[in-house]
There are 2 protein chains.
Amino acid sequence: MNKEELVIAGFRDLFNKLVWLNKSKMEDSLKGYKSSEVHCIEYIGRNEDSNGTKLVESFYMTSGAISKMTKKLIKKGIIESYQKPDNKKEIYFRLTPQGKAIYEIHEELHKEFQERDKAVFEQVTEEQFDSMLSFVEKYSRHLDAEIKKLGADIKSESRDS
Amino acid sequence: MNKEELVIAGFRDLFNKLVWLNKSKMEDSLKGYKSSEVHCIEYIGRNEDSNGTKLVESFYMTSGAISKMTKKLIKKGIIESYQKPDNKKEIYFRLTPQGKAIYEIHEELHKEFQERDKAVFEQVTEEQFDSMLSFVEKYSRHLDAEIKKLGADIKSESRDS
DNA sequence: ATAGTTTTCCTTCCTTGTCAACAAAATAAT
DNA sequence: ATTATTTTGTTGACAAGGAAGGAAAACTAT
């Protein structure tokens with residue numbers, strides 16, 4: 001394995017561990033709420049006027065899945081939907097008081113996780129942070145371009161048929 | 001968001017993109033095979049004497065899921081199982097010729113992805129690689145320790161009841 | 001104005017993964 | 001040697017997400 005593969009594989013494994021561990025802790029503290037639901041609550045709590053499309057884009061999930069999840073959260077009384085007077089198509093979401101309570105607990109947990117991992121991050125220098133961030137940014141932009149290309153390909157294909 | 005969160009969130013988003021994009025390309029080239037199946041083929045192809053437990057550990061999936069996936073792959077004729085003369089419990093897997101063919105195509109695709117992203121990685125210096133790798137390693141070890149702790153917690157809990 | 005196109009959201013069916021209970025082999029304890 | 005515990009793998013009920021197709025609102029040509 002070259003270094004390129006090592007970095008990718010290393011980060012993938014790291015993320016798997018992190019997600020698994022935090023998920024366990026989360027579902028322990030927030031009993032009754034799944035980590036995917038909490039993730040959704042987090043997003044809606046942080047972003048004013050979230051709607052289905054925004055959730056689809058940031059979660060890399062299909063619109064069908066988002067539709068079902070939001071419906072379930074509404075049924076549970078965790079979020080509520082609303083519309084704007086000049087737009088009858090888009091449906092926005094906001095947290096209910098119950099949702100806000102969960103959001104707060106989640107924030108606390110988040111701080112707990114940071115505290116847990118402090119020892120690791122304390123050893124990272126500013127230069128290392130900046131270097132990693134610049135790498136992430138460059139790679140991310142590159143992939144955006146590739147995804148855009150793929151989108152164009154799909155369109156040109158469908159034009160043939 | 002502090003730098004710590006930026007790095008984590010940045011990598012998470014980067015990975016989501018990478019997985020989504022490669023998955024699309026993969027299911028385009030290897031029509032009929034799901035990316036999860038290919039992932040499994042890749043692991044079995046690379047690791048001599050893979051068994052269920054090894055797959056569970058490296059995929060962070062439940063043993064039920066692994067059991068079903070391997071059964072499906074056997075049914076499709078992509079992998080085959082075998083046992084060792086001195087152990088009637090453990091079941092090992094290896095690729096069939098058909099599985100090996102898929103493995104080869106996957107390897108080709110992998111090279112294609114590397115070619116696609118070459119421009120990004122060429123800009124990364126040796127020092128940056130090493131710095132990222134050391135970060136991944138440290139963090140990973142830290143999480144291993146935390147996961148171990150959690151395992152101990154679970155055990156002590158069940159001892160109470 | 002209105003006819004086509006795109007965006008946004010929903011529904012149904014299917015696949016995949018989790019959970020929990022279980023069985024059998026291997027290992028440990030007495 | 002016998003019994004208890006752990007490891008390994010399986011199964012069935014259930015939940016989550018994807019795919020495909022559809023409907024209504026919004027946009028964009030004429």
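To find a chain, count down the sequence lines: A is the first, B the second, and so on, and within it residues start at 1.
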query = Which residue lies toward the 5' end of DNA chain D, S67(B) or E27(B), if each is placed at its nearest nucleotide?
reply =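 Looking at the nearest nucleotide for each, S67(B) comes out on the 5' side.
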
key: All side chain to side chain donor-acceptor pair (under 3.5 Å) counterparts of Q123(B), not counting sequence neighbours   =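 If we apply the side chain to side chain donor-acceptor pair (under 3.5 Å) test to Q123(B), skipping adjacent residues, the hits are K138(A).
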
key: Non-neighbouring partners of S131(B) that pass side chain to side chain donor-acceptor pair (under 3.5 Å), sequence neighbours left out   =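 Partners of S131(B) under the side chain to side chain donor-acceptor pair (under 3.5 Å) test: Q128(A).
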
Between [atom2] of [N] and [atom1] of [X], the distance in whole Å:
X      : N       : atom1 : atom2 : result
K68(A) : dT8(C)  : NZ    : C1'   : 17 Å
W20(B) : dG17(D) : CH2   : C1'   : 16 Å
E37(A) : dG17(D) : CD    : P     : 9 Å

Of residues 51-66 of chain B, the positions that come close to DNA chain D - non-hydrogen atoms, cut-off under 4.0 Å =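 Within residues 51-66 of chain B, the residues near DNA chain D are N51(B), G52(B), T53(B), S63(B), G64(B).
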
Could [X] and [Y] be called an ion pair, given the rule that one side-chain N must be under 4.0 Å from one carboxylate O?
X       : Y      : value
E37(A)  : K34(A) : no
K54(B)  : E57(B) : no
E146(B) : K17(A) : no

Residues forming a side-chain contact (heavy atoms from CB on, under 4.5 Å) with N22(A), sequence neighbours excluded =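 Testing N22(A) for side-chain contact (heavy atoms from CB on, under 4.5 Å), a comparison that skips the adjacent residues, returns L18(A), F113(A), R116(A).
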
Strand contacts (DNA chain C) in residues 72-93 of chain A, 4.0 angstrom heavy-atom criterion =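 By residue number: K89(A), E90(A), I91(A).
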
My understanding is that only residues two or more places apart in sequence, or in another chain, count here; which of them pass salt bridge (charged side-chain N to carboxylate O under 4.0 Å, His left out) with [X]?
X       : result
E107(A) : R46(A)
K75(B)  : none
E108(A) : K111(A)
E48(B)  : none

request  = Could you tell me which non-hydrogen atom of E27(B) sits nearest to which non-hydrogen atom of Y33(B), and how far apart they are?
outcome  =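 Minimum heavy-atom separation between E27(B) and Y33(B): CG-O, 4.0 Å.
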
query = If you count the non-hydrogen atoms of other residues, nucleotides and ligands that lie under 6.0 Å from NZ in K76(B), is the total more than 12?
reply =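 Yes, because the 6.0 Å sphere around NZ of K76(B) holds more than 12 heavy atoms from other groups.
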
Using atom names, set out every protein N or O paired with an N or O of nucleotides 2-5 of chain C below 3.5 Å, distance rounded to 0.1 Å.
none

task = Compute the bend angle of the helix from dA3(C)-dT28(D) to dT30(C)-dA1(D) from the end axes (five pairs per end), rounded to 10°.
result =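 The value is 30°.
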
Residue K34(A), side-chain atoms from C-beta onward, closest of dT15(C), dG17(D), dA15(D) =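 Taking heavy atoms from C-beta onward, the closest nucleotide is dA15(D).
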
ask   = Among pairs that include at least one residue of residues 82-95 of chain B, which meet side-chain hydrogen bond (donor to acceptor under 3.5 Å, both in side chains), considering only residues two or more places apart or in two chains?
value =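 The answer is D49(B)-Y82(B), D49(B)-K84(B), E80(B)-R94(B), E90(B)-Y92(B).
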
